[in-house]
Every structure is written in structure tokens, then in C-alpha cells.
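I have a structure I would like to understand better, so I am pasting it below and will then ask my questions one at a time.
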Amino acid sequence: MAQTYEFRPAKAAQRKMIVDASRRLTQIAPFDSYQYVGFGGLEFIDFVEFHRALGIPKMTSIERDTQMQHRLEFNKPYRSIRLLMGEARDQLPEVDWTIPSIVWLDYTDVLTTGVLHDVDFVIRSCCPGSVVIVTINGASSGVRPGDRLDNVRNNLGDLVDDDLSEKDMAGWGPAKVQRGILQARAHTASREAHGLPMRQLFNFHYADGAKMQTWGGIVTSPVMDRTIDTCRFEDLEFIRADEDAFEISVPVFTVREIAFLEEGLAGLHDGALPKIKGVEAGDIKAFARVYRWRAGDR
Amino acid sequence: MVTSDTDTTVDAGAEKRFFIEMLTKDIELLPAVVDLVDNSVDGARDLHPDGDLAGQWVKIDLSEEAFTISDNSGGISASIARHYAFRFGRSRDFAGVKRSVGQFGVGMKRAIFKIGSAFEVESAYRDPNARGQDSQFKLAVDVEEWAQQQDWTFEFDTVQEGISLPPDEVRGTTIAITDLHQSVQDDLCDPSVQKLLRTELRVRHQESIQHGLKIYLNGGEPLAASRPALQVSDVVKPVFKEFQVRSGEGVVDVKLYAGTVATRREKDRGFEDDGQAENFQDPGDAGWYLFCNDRLLLVADRSPITGWGNPAAAYHPQYRRFRGFVYLSSDDAGLLPWNTTKTAVDRDSPVFRAVQSEMKTTLVAVQAVLNREKQVRARIEDEDEKPEIVAAFDAAPEQPIASLAVSAQMVAPASPPAKPRSPAPRIQRVQYTVDLDKFKEVADLLGASSGSEVGRLTFDYFYDQEID
């Protein structure tokens, strides 16, 4: 399990950040009244993380590969995890949406209308105070510049703005388009079902190989909105309420370098980052942004 | 140019022609007729706050000369006729009818103008509270003549007030419209239009018919209502939610039912959904039905407004068994999300938005069950016992929705785990060209007669020596 963290350090850091933000939900309801809904996969890493850190007892995992049911049953780390086998769109209605939820729709593919339908359903169904998170491919990996706009339009059709050009498709460009579409859909669904637009909390970009993005927020309502203010999510530096993403990059350092950097970073007041000869200042800056949430013993 | 004139008023008065011609452009003939029936239904409901409409009737007669609608819905008092009933638009000080269908105060006039250029209204009203306060009147109008007049008034032909109607006298209203517009005359005499009107009335007023109201079209038997029903059993439970939506000062009560109906025809069973679009069967009655104060507003709706295509899957014949029924009711008809012709919903209504959101998630949930059932059905092999979910839907009878118990979710048996796929043989074909003389030498040594045999034996030899 530890190996998986090492192989995908940015994803692991992101997971810890989301867990960290979720700690603030105690203002809304105690964790034993929350449930976690995700796509566990054989390793159920996020399930372990949410259970250990927050103590959420009630968990549901939706698993697409119905051939794997026996292995999934064997591998699930807690007996209380309920497995729902099949496509998300067919299984999400089986979840009990009357209790507050943390839902992580952790796809590996790009945004499609099918994903939007799942997101729309979850936002409408879950009760205010629930957190909904969506991870998708950033839509530029493996697609040549020049083909990216067509690719995005093929997936999302009319939802893509007419005035975009291929110039907007450099780097994280397609990811920005996807975030805009997700956000707009979430806004509408939440406003129709709960009376207020959803409040975005997460807008991560990261690349452990493929460019990935994670978007998410908290479902609110006129009654719940003040309570959500008291959670003070915005105090966390990785919280993003707009289209500017928080980019997670975890530089590789030796154990000795990490120890040195952490010693200097904790409680840093004067803003001067520690230095190591021969190490790029940019890497140290990136490390400073994520060191508290990176995986590893130290 | 600057002029000085002591008269500073600007004429913003209404033209009668506008009311006669423009209002009627916004409504088609059949909804206009249904509008007139709405008035009769409102009257009948007002007489029976308990909702039992037994003994109440509405009769519609169509001929080449006249369109006539009569009812025993209590009649219009001479005073209401004098001050409110014939005015354009609902006056603020008119209390109206609780849980009414009529609301805007244009339906009757608009319908009359739509149909013909002369009309006669006769009404007999008995005051339920005071003896000797009954009234009756008769009023005939030639619309063309009226349009020429300056005044916005009609004249009673006869009017009697402060009388006592004989106990057996029918309390009700008859509206006869004559001098029919040519196109209306053609339409009303067309059997196919009459059939449509019959359907429209049966469907739109099915709740009132079920509660005992008899609607007659050209005499004969009263129209029968269809009774909404969904599949229910010990293991299959449709959705039934009850909730309230607040809007301003008022409250709208909502009842939402959704689920499946039984497969209607034997040929539907095992019908292949995937394939050419032209093979699709489209049972016209799948979809959502939305009622406002018991008047049906959306019929078998399968459009995005009720969630089809977003967030639910767009309509496809595999969802032909879906039925959803939503009943909105409010003492204040103004809170209900209908447009003025009551032919479509007002999408901007906050009440409708809240209800729409429930319809959308409910549709996704019922679709999910239908998807699961279809997937399991597709896996059944001939010798297999029917999986529980398939057996459950094949056996579940339909029950009237009024008998359903509350269920926030669509309940159906779980899908059985998929059988493990037998691993397909993984093979790779190898093909190459070699020198013929060398091939013959190798073939001789191996005692092989064909190229493929030589290939396989040499591969096996290499594998044995170097890998195994």
C-alpha cells in the first residue's frame, strides 16, 4: 500500500488535503453521521484514509468491474463497506441519500456527459452539508496540440463555449474548460434542488504521469449556508473557490533533505524558505506547499 | 417642435378587437374547449369541498350550428355575472375558488371568442346560505355588434334576483356558442378532431372523472378515465414521496409517484432494444404526468424538462415501462406552475424547479432499476432459472397509485453477480518467409510436411530449450 503512495505522490497528497478539509465538517454534523461514497478499487486507499482520519463508519463503494466482485469482497478493508456492483449511474440511486455524505467520484477518464449526469444526480440527491468531489483526466494527456479542442467538443458537444480556440488548449487549457462545465452543471443542479449554488472548495491540478484534475465542493442551502461559513474552509491554503487551480507537485528529495526542509518550514514566519545547495529554489517552494500532506514516514 | 396643450393625457386604453382577436391566437381549439370544461369542473369542486363529485355532470354538444356546454355545477349568481364573470382578467377583490383550475379570468371569454361570434349564457344559481336569494339570468351577445360599441358591457336579456328556485330546478350554466368560425365548424365536425377532444377530456380531467364527475360528449355514455397504476409486490416498490414546497406566503402540496407498469404485450418480452431506430416501438404513454389541482398539464412527457436526457438518460424504448405521476395542489392556483393556456408548465416557477429536481432524481433511480433488469435479462440463458429481479418484475401486478405506501427509493431485488467470463484463448499468429532450400532441410529433419507444421515445431523446440 505504501508503495502506491510512493508511485503517485501528488494523488496521495491531494487525498490527504481533502481529508484535512473534511475535518472541518464537524461544524455541520458529527462524523459518525456522515457516510463516504467512492470507487474503492482493489486497494480501497481512500476508504482507509477517510476511516482512519475521520472515523466515518458507513461507507459504500461502487465498482464497475463486476467480474472482480469476489476479489473486491476479499480486499475490502472493513466489513462495513457496502459494495455496489455496476455502472455508477445505475448504482448511485441505491445509496441512502438521506444522511450527509462525502462522495468522491474518482474517474480515470475525461469529462463526458455521462459523468455530468452522475454529478448532477449526486448533487440533487444528497443533503446540504454534503461534499461532492470529482476526479477526471485533464483531457490533454495523449492528445496532440491541434486536436485538443475537437477532442473536448467530441466529448461535451454544445457545452463547450463557441468562442474557444486551439490557443486556449495549451497545458491545462482543456482542464479549465472541463472545470467550467462541471461547475456550471453543479451550480444549476444545486440551485434547483437546494436553493443555492454549490460552493466550490477543490480545484486541483496534478500529474503523476497523466494530467489529472479534481474539482469539488460543498452542497449548501439557505438554511445551511451560515453553518458552512463557520467551517472556515478558506483558511486552508489549497482551498480554491474559483477557476485558478491549486497545482500539486511533489518534488523528490532524500530523507535527509526532507528532514532539513521540514525543520525549517514548520512555523516559518519570515517567508524565507530554507535552501539546499544544488537544489532548485522552485522545487523547495513546491515542497513547501505540500509537505504537510505528502505521503511517507516523515 | 414644442407645442403647448393643456390636455396632458395620453390614450392607453384597450381595444376590444385586441381581446377578441389577439387573445384567441394564443390558444388552440381543443385547449379552449378544455378551458370551458375547467370552469364547470371548478364549480363542481366548489360545491363539494370533500372532493366527491358524484351526481355532477358536464355535457358538451357539437353540431354544425352550435357548440353547447352545460353543467349542473351550481350556476353563476347574477351578482357575480354582473361584476366579475364577464370581466377580462381576474379582479383583485374576487375571492375566487379554492383549489381551482381557473385562475386568470380569461379562459371563458377567450374560448368563446375562439369558437364563434355569437353566444348565449343561461345560468341558474341557488344561494346555499340564504333562502330567497337565488337568481337566474340569460344573456345573449353578438360579438361583432359588441365590438362596435363604446361600452365594455353586456346586457342581460332577462335577470331575476332574490327569488327562490324550485328545488328540482337544475343549478347550473349553459353556454351556447353559435355563428361558429368556419375553421372551427370544420374542425368540430371532423370525427378525428372529436376523437382527440374525447381523449383530451378523458386525460386532462381523469382525476375529476374518477371522483364521480360525468363528462358527456355528444350524448351517450360518460367518458371513462384511465386509472394510474404502478407495479407493486413484496419486493418491488415504486417511489412515492409526499412533500411541500413553500412559495411566498403559500404552500404547494406535492405527491410524486414513479415506477414501472407491467409489460403490455407478449411481443414486448425479449424485444431487442438495440438496433435500428426505425425498429423502436414507442408506447405513447410512457413518461411523466403532471397534474395541477387535478387538472393534467403534462401528458407522457419525455422531454428534458422532466429530466430526460439530463441528468437521466434520454428516452429509449427500454424505458417504455416508466410511468411517473406528480400531483401539485394548492389553495392558491396562482402558485401552480402553469402558463395561461394551461398547456405547458411555467419553467421559471420556483415551485416547478423544486418539483422538477425531485422528478429528475426519481427518473434516474427508476431508469437504473430498468437498466439493471435489462442487463440481467440479457444474461439469462435458456436453462437458467429466472434471476430474482427478472422474476419479480414479470410477476409484480399493477396497483392503483392511491394504494401505495411511502417509499423514498425505488426498491427492487439486487442483480445476481455476473458469472465469471471463461478466459478467451490468447493466441498470436506468427508468419515469416525463409529460404526454400533451408526450409526443405528443416522439414526433412523434423519429418514435417507443411509450412505451418514446421513453424509450430521449430517454435516449440525453441521454447523448450530456452524458456521452459
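Computed from heavy atoms alone, side chains included, the values below leave out hydrogens, waters and symmetry copies.
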Practice item. Measure the acute angle between the ring planes of A:F44 and A:F47, then classify it against the limits of 30° and 60° as parallel, tilted or perpendicular. Key: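 It falls in the perpendicular class, over 60°.
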Inset, instruction - Examine B:F291 together with B:Y327 and report whether their ring centres are nearer than 6.0 Å. - result: yes
- request: Applying side chain to side chain contact (heavy atoms under 4.5 Å, CB included) between A:V132 and each of A:V219, A:L201, A:I218, report the one that passes.
  value: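 Filter result, single survivor: A:V219.
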Applying a strict 4.5 Å limit to non-hydrogen atoms, the region of B:E358 in contact with chain A is neither
Interface check, chain A: of B:A354, B:G309, B:P350, B:A313, most non-hydrogen pairs under 4.5 Å belong to B:G309
Hey, which of A:Q91, A:R185, A:E87 has the most heavy atom pairs under 4.5 Å with chain B?
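Option with the greatest count: A:R185.
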Salt bridge check, A:D150 against A:R153: does any charged N sit closer than 4.0 Å to a carboxylate O? no
Whatever's closer than 4.5 Å to a heavy atom in chain B on A:E94 counts as both
Output yes when A:R199 and A:D225 qualify as a salt bridge under the 4.0 Å nitrogen-oxygen rule, no when they do not. yes
Applying a strict 4.5 Å limit to non-hydrogen atoms, the region of B:A312 in contact with chain A is backbone
Structural part of A:E192 lying under 4.5 Å from a heavy atom of chain B
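When you check distances to chain B, atoms from both the backbone and side chain of A:E192 fall under 4.5 Å.
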